[in-house]
2 protein chains.
Amino acid sequence: MKKRAPAAKRSTAPTRPRPEVGYHHGELQEALIAASEAILAEQGAEAFTLREAARRAGVSPAAPSHHFGNAQGLLTEVAIRGYDALAGALREAASGKQGVRDKLHAQGLAYVDYALRHPGRFQTMFANKRLVADDARLKQASRAAGHAFEVVVAELTGGTAKEAKTAAAAAWSTVHGFAKLALEEKFGSVNNEAGRREIMMTLDQVLNYLWPASGTRQ
Amino acid sequence: MKKRAPAAKRSTAPTRPRPEVGYHHGELQEALIAASEAILAEQGAEAFTLREAARRAGVSPAAPSHHFGNAQGLLTEVAIRGYDALAGALREAASGKQGVRDKLHAQGLAYVDYALRHPGRFQTMFANKRLVADDARLKQASRAAGHAFEVVVAELTGGTAKEAKTAAAAAWSTVHGFAKLALEEKFGSVNNEAGRREIMMTLDQVLNYLWPASGTRQ
DNA sequence: TATCTATCTTAACACTGTTCAGATTGAGCG
DNA sequence: CGCTCAATCTGAACAGTGTTAAGATAGATA
């Protein structure tokens, strides 16, 4: 191991072992979040450690605590951004389509695509025990993502608000379950592009099965 | 912390700190599995540690390695039994109903009921990274559970095998996603019986929405 | 310029999983 | 019965982990 670069002096100052930045990092929050994202992307959710994130940011293992409290706090920040990105992807997917059913279909594909493209981040987002589960911003971000389904689905049902809630829960459950099962390799390998494409085709069929061509389901 | 009794010098007359069993436990495999199940039930999947399981079984932290190789091996055994129990619950749920749609509906309820009643075990079963993912018996047990859906769904579609696969993937995805989201508190509190009952009612509506009364879906 | 305060480090603590040499023991065999 | 042997388990160690407390550093403020 032993990441820390060798020496690189700091002008007259003391030749600290951490050359890139001095005592005051300046953007440590962002650096830690970026480092965490990198770990999640490279090695998955389980590989994340606070110390490794600190190492990559070039600070001591105790430094993150001043900004995020603890490891859960840091991952919570990562999860919030993940939910924001997911919600954006869902909204964008829907905005690109015309019919209500096509919007929902596109959202489903976008959801699983997001999960398969950012597995570590996705798993972290839904690992409450590793997050500050009752964080207000986290809950808000999560609700916003779920809300993206409701918005589209409300048009589909056209019925009561309760019916829309049910339909949204159904849609979210289906794509979330599919994504989770896919990530656990229940639908075949997900490590290569070919496998992922095949899985997305399976998803397409699943969505067509549950939400048939417009009209058959009122 | 510091569980182990204080000192109990060994001298010639042992007074071993571990009174219950001697060097040879006799049923250590089962004891370790039972201990692991207890941890999962009491404190959830993330709380499991190999050392705690060994502690509860009354052996040293190194003992489990002789039977399960490592922590993943032990959890794999737990997961296999969990899949067996799940498959049994799914088969039983279906056997109690007549119509095909009612069978599928009952299976869906049974699946989520299982997840909510054994959250730690359920989360472990679907945490591949904590298991020996390529273990033959584990894969077989997992496939058997998924197969329980196919058996029922095949009747529903009555079409090609591919169609049955799609329908089974849809059913599994939906209930799995619902269970996972419920466990992550996306549908409200799941810690009390009242919350759980409400969630099961939501599930009932979701299933009715996706698989409407028999006939409307061919 | 002097002080204050946020930021970061160092060092320690209590854990964790895993490994390896060695102690213990039950079972089979003479 | 007595011996050997292989299975079983311990003890101690190692390299990690997250978190904390006390202190060093340095940017901002007065």
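Order of the sequence lines fixes the chain letters, A, B, ..., with proteins taken first and strands second; residue numbering starts at 1 for each chain.
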In whole angstroms, how far is the [atom2] atom of [N] from the [atom1] atom of [X]?
X	N	atom1	atom2	result
B:Leu28	D:dC9	CG	P	5 Å
A:Glu52	D:dT17	CD	P	8 Å
A:Glu27	C:dC8	CD	P	11 Å
B:Gln29	D:dC9	CD	P	8 Å
B:Phe68	D:dA7	CZ	C1'	15 Å
A:Ile39	D:dG16	CD1	P	15 Å
A:Leu74	D:dT17	CG	P	15 Å
A:Asn70	D:dT17	CG	P	17 Å

Side chain of [X] - closest among [options]:
X	options	result
B:His66	D:dT10, C:dT16, C:dC8	D:dT10
A:Ser60	C:dT10, D:dC9, D:dG18	C:dT10
A:Ser65	D:dT20, C:dT19, D:dG18	D:dT20

- request: Return yes when atom CD of B:Gln43 has more than 12 non-hydrogen atoms of other residues, nucleotides or ligands closer than 6.0 Å, and no otherwise.
  value: yes
message: Can you confirm whether more than 12 heavy atoms, excluding those of A:Glu92, are under 6.0 Å from its CD atom?
response: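 Incorrect, the count does not exceed 12.
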OP1 or OP2 of C:dC8 under 4.0 Å from side-chain N/O of A:His67: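 Result: yes.
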query: Phosphate oxygens OP1/OP2 of C:dT16: is one of them under 4.0 Å from a side-chain N or O of B:Arg55?
result: yes
task: Examine distances only and state if a side-chain atom of A:Arg130 and a backbone atom of A:Ala71 form a donor-acceptor pair shorter than 3.5 Å.
output: no
- prompt: If you find the nucleotide of DNA chain C closest to A:Arg51 and the one closest to A:Ala63, which residue's nucleotide is nearer the 5' end?
  reply: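 Result of the comparison: A:Ala63.
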- request: For A:Val175 and A:Gly108, work out which heavy atoms get closest and say how close.
  value: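 Nearest heavy atoms, A:Val175 then A:Gly108: CG1-CA, 3.5 Å.
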- prompt: Can A:Lys180 and A:Gln123 be counted as having a side-chain donor-acceptor contact under 3.5 angstrom?
  reply: yes
message: Just to be sure I understand the rule, does A:Ala71 reach a base, reach only the sugar-phosphate, or reach nothing, if contact means heavy atoms closer than 4.0 Å?
response: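 Here A:Ala71 touches the backbone only, sparing every base.
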- prompt: If you look at every strand shown and take non-hydrogen atoms under 4.0 Å, does B:Ala62 touch a base, only sugar-phosphate, or nothing?
  reply: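 If one applies the 4.0 Å heavy-atom cut-off, B:Ala62 turns out to touch a base.
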